[in-house]
There are 2 protein chains.
Amino acid sequence: MSLPHALLTSLLERPSSGYDLARRFDSSMGFFWRASHQQIYRELARMEQAGWVRVDGDSGNARKKVYAVLPAGRAELLRWVAAGGEVPVVRDPLLIRLRADAILGPLDLADQLRDRLADHERRLAAYEAIADRDFGDGDGADRTARVRRAILDAGLRFERNGAQWCREVLAILDDEARAGA
Amino acid sequence: MSLPHALLTSLLERPSSGYDLARRFDSSMGFFWRASHQQIYRELARMEQAGWVRVDGDSGNARKKVYAVLPAGRAELLRWVAAGGEVPVVRDPLLIRLRADAILGPLDLADQLRDRLADHERRLAAYEAIADRDFGDGDGADRTARVRRAILDAGLRFERNGAQWCREVLAILDDEARAGA
DNA sequence: CAACCCATGTAAAAAGTTACATGATTAA
DNA sequence: TTAATCATGTAACTTTTTACATGGGTTG
């Protein structure tokens with residue numbers, strides 16, 4: 001499982017509450033890992049049990065629990081990073097739908113592809129904004145910045161590639177719509 | 001859930017046993033959906049219960065159960081295709097590892113990136129072989145072939161893009177290895 | 001004072017993974 | 001005759017999703 005390690009990484013960057021982490025998993029981190037707040041709260045509780053994190057002296061708000069990584073958590077993260085091995089799973093229902101379309105005949109998927117394209121473009125714009133803000137100045141960058149930039153590039157590439165594919169498929173579907181009209 | 005609909009699509013193409021389906025999910029179909037044989041057998045049993053498929057007169061082998069789609073299954077598939085809506089989840093542990101590397105300092109990830117690159121290249125070669133075999137002759141293709149080709153293109157693009165990204169990241173990591181030596 | 005964001009959880013259901021289990025057929 | 005592949009399943013466990021639940025603080 002990778003969620004606890006994603007959380008450890010985030011907490012090493014900056015001690016945070018479950019709520020803060022949930023928001024980060026919704027936005028910037030969301031493109032390579034997603035998790036609901038329920039998952040995050042449960043996992044934080046487990047990690048505290050395991051002695052990987054502790055609740056810091058909360059700042060101001062009585063309900064807010066700010067977690068920080070303990071040495072055991074750091075060790076566990078390093079162990080997991082070195083272990084490697086998992087291959088990410090790809091699962092795209094839209095491709096199943098396209099396959100059904102190929103077998104059963106035209107199933108009117110152009111709108112769904114347009115939605116997907118808009119999705120890619122929206123995220124691409126968001127990532128480009130982050131790129132401009134955080135890496136805009138150029139290449140006087142240190143190692144940390146270069147690696148972080150590489151992570152962002154994975155997202156940029158993914159969205160650009162996905163958008164371009166959507167356009168190609170739409171060209172096929174729109175073409176036949178014209179021919180059929 | 002999309003697994004039953006992936007199965008319905010496969011069964012519409014050709015009535016098959018759970019074992020056949022499991023093999024297809026391991027190979028050609030594997031790039032956009034994966035499922036273990038346990039999942040598949042359980043799901044086929046549910047689908048039979050629901051009246052979406054039935055066991056065909058088995059051919060020869062007494063143990064083999066060949067499933068075929070019933071009208072209710074076809075209707076369910078069409079309903080699900082039209083419904084749309086899900087956004088595929090992206091979850092890549094390697095990006096979490098890279099993030100840990102950015103925060104904690106060099107964590108020796110070059111080998112893992114080389115493994116990932118080899119993985120992309122291996123799958124790319126497999127998809128290109130399928131492309132040559134099934135779509136090699138050119139563009140005198142009918143609609144079904146064009147849509148099927150579009151599905152394969154999603155895989156080709158994904159692997160090419162992933163491989164290219166790996167090479168970029170390796171350039172960064174190898175660069176600093178040389179500088180550090 | 002209403003609406004919205006902050007903040008944390010519980011419970012149940014669905015989906016996916018891992019381990020275990022069995023037996024037939026086929027090719028070397 | 002032994003090993004590989006065909007063929008189907010059960011059971012236990014883990015992970016993820018969805019629905020439900022509560023209450024404080026802030027701003028218009």
Side-chain angles (χ1 to χ4, degrees), chain A residues 1-7 10-11 15-27 29-30 32-50 53-67 80 85-93 96, chain B residues 1-8 10-11 15-27 29-30 32-50 53-67 80 83 85-93 96:
Chain A
M1 205 207 352
S2 309
L3 177 56
H5 305 98
L7 293 171
S10 279
L11 291 177
S16 315
S17 67
Y19 187 85
D20 290 336
L21 291 165
R23 276 199 313 182
R24 263 188 273 168
F25 273 75
D26 257 2
S27 58
M29 258 200 103
F32 61 92
W33 207 270
R34 256 173 260 183
S36 61
H37 74 271
Q38 293 93 331
Q39 255 182 298
I40 290 168
Y41 286 126
R42 185 155 22 89
E43 207 54 53
L44 285 172
R46 275 187 209 160
M47 289 160 72
E48 195 184 3
Q49 277 283 314
V53 296
R54 70 180 163 83
V55 177
D56 245 1
D58 43 13
S59 51
N61 194 330
R63 288 159 59 87
K64 189 169 183 171
K65 291 161 81 172
V66 176
Y67 289 87
W80 176 84
E86 314 95 326
V87 177
V89 195
V90 182
R91 275 185 178 134
D92 190 346
I96 299 177
Chain B
M1 204 204 0
S2 309
L3 177 56
H5 305 98
L7 293 170
L8 285 171
S10 279
L11 292 176
S16 314
S17 67
Y19 188 85
D20 290 336
L21 290 166
R23 276 199 315 181
R24 263 187 274 168
F25 274 73
D26 257 2
S27 59
M29 258 200 105
F32 61 91
W33 207 269
R34 256 173 260 182
S36 61
H37 75 271
Q38 293 93 334
Q39 255 183 298
I40 290 168
Y41 286 126
R42 185 154 24 90
E43 207 55 52
L44 284 171
R46 275 188 211 158
M47 288 159 73
E48 195 184 3
Q49 277 284 315
V53 296
R54 72 180 162 82
V55 177
D56 244 1
D58 43 14
S59 51
N61 193 329
R63 288 158 58 86
K64 189 169 183 172
K65 290 161 81 173
V66 175
Y67 290 87
W80 175 83
E86 314 95 326
V87 177
V89 195
V90 182
R91 277 184 176 136
D92 190 347
I96 299 177

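Keep in mind that what you see is a predicted model, and the values were worked out from it rather than measured. We name chains A, B, ... by the order of the sequence lines, and we start the count at 1 in each one.
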Given [options], which nucleotide is nearest the side-chain atoms of [X]?
| X | options | result |
| --- | --- | --- |
| A/Asp20 | D/dA7, C/dA7, D/dT16 | C/dA7 |
| A/Met1 | C/dG16, C/dG9, D/dT15 | D/dT15 |
| B/Tyr41 | D/dT17, C/dA19, D/dT8 | D/dT8 |
| B/Gln38 | D/dA11, D/dA19, D/dT16 | D/dA11 |
| B/Lys65 | D/dA11, C/dG16, D/dT8 | D/dT8 |
| B/Ser36 | C/dT17, D/dT16, D/dT17 | C/dT17 |

Considering heavy-atom distances to DNA chain D, does B/Arg42 or A/Arg46 have its closest nucleotide positioned more toward the 5' end?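 The residue whose closest nucleotide sits nearer the 5' end is B/Arg42.
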What is the distance from [atom1] of [X] to [atom2] of [N], rounded to the nearest Å?
| X | N | atom1 | atom2 | result |
| --- | --- | --- | --- | --- |
| A/Ile40 | D/dT15 | CD1 | P | 15 Å |
| B/Glu86 | D/dT16 | CD | P | 18 Å |
| A/Asp26 | C/dA7 | CG | P | 15 Å |
| B/His37 | C/dT18 | NE2 | P | 13 Å |
| A/Glu43 | D/dT14 | CD | C1' | 11 Å |
| B/Phe25 | C/dG16 | CZ | P | 11 Å |
| B/Leu3 | C/dA14 | CG | C1' | 12 Å |

Considering just the side-chain nitrogens and oxygens of [X], establish if one lies under 4.0 Å of OP1 or OP2 belonging to [N].
| X | N | answer |
| --- | --- | --- |
| A/Ser17 | C/dC6 | no |
| B/Arg23 | D/dC6 | yes |
| A/Gln39 | D/dT17 | yes |
| B/Lys64 | C/dA24 | no |
| A/Tyr19 | C/dT8 | no |

Which atom names give the shortest non-hydrogen contact between [X] and [Y], and what distance separates them?
| X | Y | answer |
| --- | --- | --- |
| B/Ser16 | B/Asp20 | CB-CB, 3.9 Å |
| B/Tyr41 | B/Gly18 | CE2-CA, 3.7 Å |
| A/Leu21 | A/Ser10 | CD2-CB, 3.6 Å |
| B/Met29 | B/Ala6 | CE-CB, 4.1 Å |
| A/Pro88 | B/Arg34 | O-NH2, 3.9 Å |
| B/Trp80 | B/Ser2 | CZ2-OG, 3.6 Å |

Toward the 5' end of DNA chain C, which comes first, A/Gly18 or A/Val89, by nearest nucleotide?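 Going by which nucleotide is closer to the 5' end, it is A/Gly18.
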Tell me what A/Arg91 touches on the nucleic acid: a base, only sugar-phosphate, or nothing, going by heavy atoms under 4.0 Å. sugar-phosphate
